[in-house]
Structures are given as structure tokens and as C-alpha cells.
Amino acid sequence: MRRPLRRHGYRAATAVALACALTAASQQGARADPRTLTEVQNELESLYHQAEVATDKYNAADGKVKSQKRRVSALDAQVRAAEAKLTRLNSAAGATARAQYRAGGVPAELQFALASDPSRALDNAGLALQAQQNAQNLLTELKTTKSALRTRTDEAAAELERLRASRRAMATQRRTIERHIAEAKALESSLAAKERARLAALEKQESDRAQAKWESTGILDKVGTDATAAGRKALAFAARQIGKPYVWGAEGPDSFDCSGLTSQAWLAAGVTIPRTSEMQWAQLKHVPVEEMRPGDLIIYFSDASHVAIYAGGGNIISAPRPGRYVYESPAASMQILGVVRPDA
């Protein structure tokens, strides 16, 4: 269970110190201050939330890199084709120039005036005019091909630079993700086993409280209970992944992040949706929460940084965060932003 950032200025080092104080208090037989444990919980949630935001950006950059690589490859093929055509045209232009040189470069009109046989000269003039026209067409095509080659070469160079920029963005997001996860793991590992158990119990308590509050509105009497055929396929796929580990940037088959799970679930149902939770929220059809049905996607937090698939009965299937596994959990255990429908 994660909540959006609430303590932007509170650093992991402070939380680790709090955790050490908790451990010391536990070892001395004293009861740790619940507010202190809550602060540790808040810091953990903050770190994992930041890691998930960075993961969404990484996945978006990864999708852009794949698209740009295909574009660069296509432009490279066009450049090679233009270069081959230019080589052929240059060869043809050279042959034309040599032929004109051998003919003395005499214009068709003068050949006609000087000919002893006017009828034959007329035929020759026609052929000469056709040859001149062919030569002019060749020169025009040569010029056009050179221009096209310059354009394609410039486009390929620009796309390659954009690709490099996207790769740099990916590297930056990778470092951000790994830093936040490392800080969170260091914080968790600094807790004594008893405090980790208390932390897990506190998380469950808050999750149960949020779910009870949500259900008390009568929401489950309003939401749909029947999935579409595609929704059932997506849900069946998600259910088969339960127990597989969360790995940021993963989209199967052995591990998933949150949007990797939802995008692959719907792909298994024959529906292609955006890769990231942010783009799923931006591009898929929004439906009111009270009108959602099994198979719909619930988007979480104000920045749309988390997503799960609604399983019915008030539960979701999701890939929660590093160190955890795909599982079924209460739908309202996190802050709901809204619901989207992939097969609308």
C-alpha cells in the first residue's frame, strides 16, 4: 500500500535514524512511539512513490527509444536507397555526356540543315531531340535525388540525436529509481524484525480502514459485476501472474511493474493500450468509479503513477512495489484518481 508524497523535505537518512531509535527502544524492552513508526512508514511510502514516478518516466522514455530506433532504421534504409539511385543516375549521366561528346554536340536543327538526305535527317533530328529530352529528365531526376538524399540524411541525423537524448533520459531515470529503491531498502533493513511486523500491521490497518470507508458509501452496490469477454481474458491473465515479483520496467513473463501487468493483461485480451499508467490515464476512456466493471483499470494518486486492474468484489490485482509480488488487494487501499476502460 502506498500513498502520495506527503513529506518532500524529509530525507531517508533521518528516517533511518528514527528506525535505529525504534530498534534500540525495542531491544531495551520499551514501546516505541507510534508516531515515530508512522514517520518511518511515511518515508518508505515517499521513497517507493518517487521510485514509481521515475519508473513511469523510464517506461515512457523506453517506448520513445524503441519508436525512434525504428524511425532511424527506416531513414537509414531510405538514405541507402537514395545513395544507390544517385550512383545509377551519375553513371547514366556520364554515359549521356560521353555520347554527346562522340556526336560532336551538334544541335538537332543544324544536323537537319546540313544533311544531304532531309528525310533521314528528320529522323535523326527526332531521335536527337528525344535524347536531349531524356538527358534533361535525367539531370532533373539527378537533382531531385541529391536533394532527397540531403533531406533524408539530415532527418536521420536529427532522429539519431533525439534517440541519444531519450537514452540519456532513460539513464537518468534508471539512476533515480535505483537510488530511491536503495534508500527504501536500507531503511527497511535497519528496522528490527518486531518493528517490521508492526509496520506491516500498521499498513494493513490503514488499508482496511480506507477500504471500509470506501465501501460504506455503498459503492459496491453501484459498480458493475460482469466483465466483457475481453475484460475476462485480461483478468484471467492478471490472475495467472499472482505471486510473480515486482520488477521496475518489467512487462513479463516472469516479473512485472504495475503498468507492465495491466498493459500485458489487456494485450492478452487482444487490446493494445499505452505502456505507462500516466498514458493509460491520458489516452483511455474515463468512466465514473461507480460505473466501473471487472477488467477496468483503476488509476491511483494525483500524478497517475500507479495502476491496477479491477477484479470485482471491491478488489484489485496489481504489481505493488519493489520487494513485493503481484497480488489481490482492496481497491481503496490507495488514493483513487479515477477509472479507465481499455475496451470502451
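Hydrogens, waters and symmetry mates are skipped; everything else that's a heavy atom, side chains included, is used.
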*Asks:* Which heavy atom of Tyr325 sits nearest a heavy atom of Pro320, and at what distance?
*Replies:* O-CD, 3.1 Å
*Asks:* Where the side chain of Asp76 meets the backbone of Ala156, is there a donor-acceptor pair that is under 3.5 Å apart?
*Replies:* no
*Asks:* When clusters are formed from ILVMFWY side-chain contacts under 4.5 Å, directly or step by step, what else is grouped with Ile299?
*Replies:* Leu235, Phe237, Ile242, Phe256, Leu261, Trp266, Val271, Ile273, Trp281, Leu284, Leu297, Val307, Ile309, Ile317, Val326, Leu337, Val340
*Asks:* Quick one: does any side-chain atom of Thr172 pair with a main-chain N or O of Arg168 as donor and acceptor, under 3.5 Å?
*Replies:* yes
*Asks:* Taking the side chain from Asp257 and the backbone from Glu251, do they hold a donor-acceptor pair closer than 3.5 Å?
*Replies:* no
*Asks:* Looking at every non-hydrogen atom in both residues, tell me the closest pair between Ala250 and Arg275 and how far apart they are.
*Replies:* O-NH2, 3.6 Å
*Asks:* Is a donor on one side and an acceptor on the other found under 3.5 Å between the side chain of Glu328 and the backbone of Ile316?
*Replies:* no
*Asks:* Which heavy atom of Asn59 sits nearest a heavy atom of Ser259, and at what distance?
*Replies:* ND2-OG, 4.0 Å
*Asks:* Counting N and O atoms only, with roles assigned by atom type, does the side chain of Gln211 sit under 3.5 Å from a partner on the main chain of Ser329, one being a donor and the other an acceptor?
*Replies:* no
*Asks:* Tell me every residue that passes side-chain contact (heavy atoms from CB on, under 4.5 Å) with Ala344, counting only those two or more places apart in sequence or in another chain.
*Replies:* Lys285, Arg341
*Asks:* First locate atom CG of Leu160, then atom CD of Gln68, and finally report the distance between them rounded to the nearest 0.5 Å.
*Replies:* 9.5 Å
*Asks:* A cation-pi test, strictly: NZ or CZ of Arg321 under 6.0 Å from the centre of the six-membered ring of Tyr246 and no more than 45 degrees from its axis. Yes or no?
*Replies:* no
*Asks:* Would Glu159 and Arg162 satisfy salt bridge (Lys or Arg N to Asp or Glu O under 4.0 Å), going step by step from the backbone distance to the final call?
*Replies:* CA-CA 5 Å; Glu159 194 66 38; Arg162 286 191 286 269; 2.7 Å; yes
*Asks:* Determine, step by step, whether Arg174 and Trp248 satisfy the side-chain contact (heavy atoms from CB on, under 4.5 Å) criterion, reporting the C-alpha distance in whole Å, the side-chain angles of both residues, the deciding distance to 0.1 Å, and the verdict.
*Replies:* CA-CA 10 Å; Arg174 176 185 289 274; Trp248 65 267; 3.7 Å; yes
*Asks:* If I take atom NE2 from residue His306 and atom OG1 from residue Thr262, how far apart are they, to the nearest 0.5 angstrom?
*Replies:* 9.0 Å
*Asks:* Given Phe301 and His49, is the ring-ring contact (aromatic ring centres under 6.0 Å, His included) satisfied, shown in steps?
*Replies:* CA-CA 10 Å; Phe301 308 129; His49 182 86; 5.0 Å; yes
*Asks:* Verify whether one side chain among Arg293 and Tyr310 offers a donor that lies under 3.5 Å from an acceptor in the other.
*Replies:* no
*Asks:* Looking only at atom types and distance, does a side-chain atom of Thr217 sit under 3.5 Å from a main-chain N or O of Trp214, one as donor and one as acceptor?
*Replies:* yes
*Asks:* Tell me which one of Asp303, Asp56, Thr55 satisfies side-chain hydrogen bond (donor to acceptor under 3.5 Å, both in side chains) with Ser277.
*Replies:* Asp56
*Asks:* Would Glu203 and Arg324 count as a salt bridge (Lys or Arg N to Asp or Glu O under 4.0 Å) here? Give the steps.
*Replies:* CA-CA 14 Å; Glu203 287 183 354; Arg324 302 212 173 157; 3.0 Å; yes
